[in-house]
Amino acid sequence: METKKHKHSDDEKDNPHQSGNEVIHNGKADERSQIRDTDLDLQDVEGIGPTTAKKLKEAGITSVMELAVTTIEQLAVDINCSKDSAALFIMAAQKLLRESNVLEKEFVTADFVLEKRKSMLRCSTGSKSLDELLLGGIETQAVTEFYGEFGSGKSQICHTLCAMATRPITEKGLHGNVIYIDTEGTFRPERLQQIAVTRGFDALEILKSTTLCKVYNSSHLGLIVKDLGRYISERNTKLVIIDSIISLHRAEFTGRGTLADRQQRLNSILHKLVRIAEIYNVAVVITNQVLSSPDTFFGDPTKAAGGNVIGHTSTYRIYLRKSGENRIAKMVDSPYHPYSDTRFTINQKGIDDLEEGTRREKELEGGSD
Ligand code: GTP
Ligand code: MG
């Protein structure tokens, strides 16, 4: 099968904000993105003819990339086919993306994985100490979860990330746009504006780079996540925020009898997010609430809501706690970060470091509490 090579126009290179969803690393387009998804047609996928392509488009799946990240169950319902056929279509789409070097191969050598990690970008949170905890900032190709009680700073981190993600890569940003999925109605453009102005950034540019999506119920969230790939490509997105992943599910699925349904729905959303983060090279940040578990005798009697489903799918989990005026962030789960903690504060800059004096005092007091 012949795949068409994408020709970059000079305009696109100069202005990555307008150029599809390319991976820009150190000012250079990433090799994997030289053939972009937009160059492939659904009918290039093995087994997909005009009729299936039409059905897919009617179901809102307009690109090979979107087909590759969809779930078997969803696709079977969307185009009214068996789960086996749905699985074959998805695998064929992924195979085509691999052959076109958009996706990596199933079996790859470690040096290739290392190369892929190099296309991974890190976005500063706005606080040096929180960045240190995250070994440089939040990562693309990963889902980072911040969980903690009310007022622990989850939404403030999200607001600050909106300002930071639009910054150039040389300034620890992602040089891309942000999609902010707000399920609690707590996004405040004025707050984002204040953070941008205090940090000396162009507030209007940042507001324009952030696309807000208000979600009202869990099925609505499922639909938005289903089409997320397309939104990401259309808006040259590098960061997707869901604040919060759990609140709607908690409100809608009450009682033990509904727990399995709730977990299944959450599971499908989270798996899709993991795949989207990897395939589109975007950072995904989700926030989560805590449950108090009265059966805990030692340590902190709170744990993340959403059970194992969220715990097993998030790449990194950070637990946030209030400590007087300040906040403590603790790395709870990560394949390679040390499980340490750090302090930060919330001020006009959004998330910020503690003043030098306060930090020293805390260190003398013996670190974290
Ligand atoms: P829930 O969504 O309720 O679970 O909490 P959250 O973890 O999202 O809390 P959020 O990020 O909204 O943090 C709230 C805290 O941030 C408040 O208690 C304030 O201390 C601080 N905060 C919020 N807005 C501002 C602001 O404009 N300026 C300053 N200095 N602090 C703010
Ligand atoms: Mg919040």
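Remember, it's 1-based here, ligands and their atoms both numbered in the order they're listed.
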Does Ser155 bring an N, O or S atom to under 2.8 Å of the Mg ion (ligand 2)? yes

Between [X] (side chain) and [Y] (backbone), is there a donor-acceptor pair under 3.5 Å?
{"X": "Arg167", "Y": "Cys123", "answer": "no"}
{"X": "Asp131", "Y": "Thr125", "answer": "yes"}
{"X": "Arg199", "Y": "Gly126", "answer": "yes"}

Looking only at side-chain N and O atoms, does [Y] offer a donor or acceptor that is under 3.5 Å from a partner on [X]?
{"X": "Glu149", "Y": "Ser152", "result": "no"}
{"X": "Glu73", "Y": "Gln264", "result": "no"}
{"X": "Ser340", "Y": "Glu132", "result": "no"}
{"X": "Asp353", "Y": "Ser127", "result": "yes"}

So if I count the atoms of ligand 1 from 1 in the order they appear, which ones are less than 4.0 Å from some heavy atom of [X]?
{"X": "Ile346", "answer": "16 (O), 21 (C), 22 (N), 30 (N), 31 (N), 32 (C)"}
{"X": "Glu184", "answer": "2 (O)"}
{"X": "Glu149", "answer": "7 (O)"}
{"X": "Phe150", "answer": "1 (P), 3 (O), 4 (O), 5 (O)"}

Of the protein's non-hydrogen atoms, which lies at the shortest distance from atom 5 (O) of ligand 1, and what is that distance? Gly151 N, 2.8 Å

Among non-hydrogen protein atoms, atom 4 (O) of ligand 1 lies closest to Lys154 NZ, 2.8 Å

Among the heavy atoms of [X], does any lie under 4.0 Å from an atom of ligand 1?
{"X": "Gly148", "result": "no"}
{"X": "Arg327", "result": "yes"}
{"X": "Asn347", "result": "yes"}

Nearest non-hydrogen atom to atom 29 (C) of ligand 1 belongs to which of Arg191, Arg188, Gln156, Gln194? Arg191

Non-hydrogen atoms of Glu139 and Tyr316 that approach each other most closely: OE1-OH, 2.6 Å

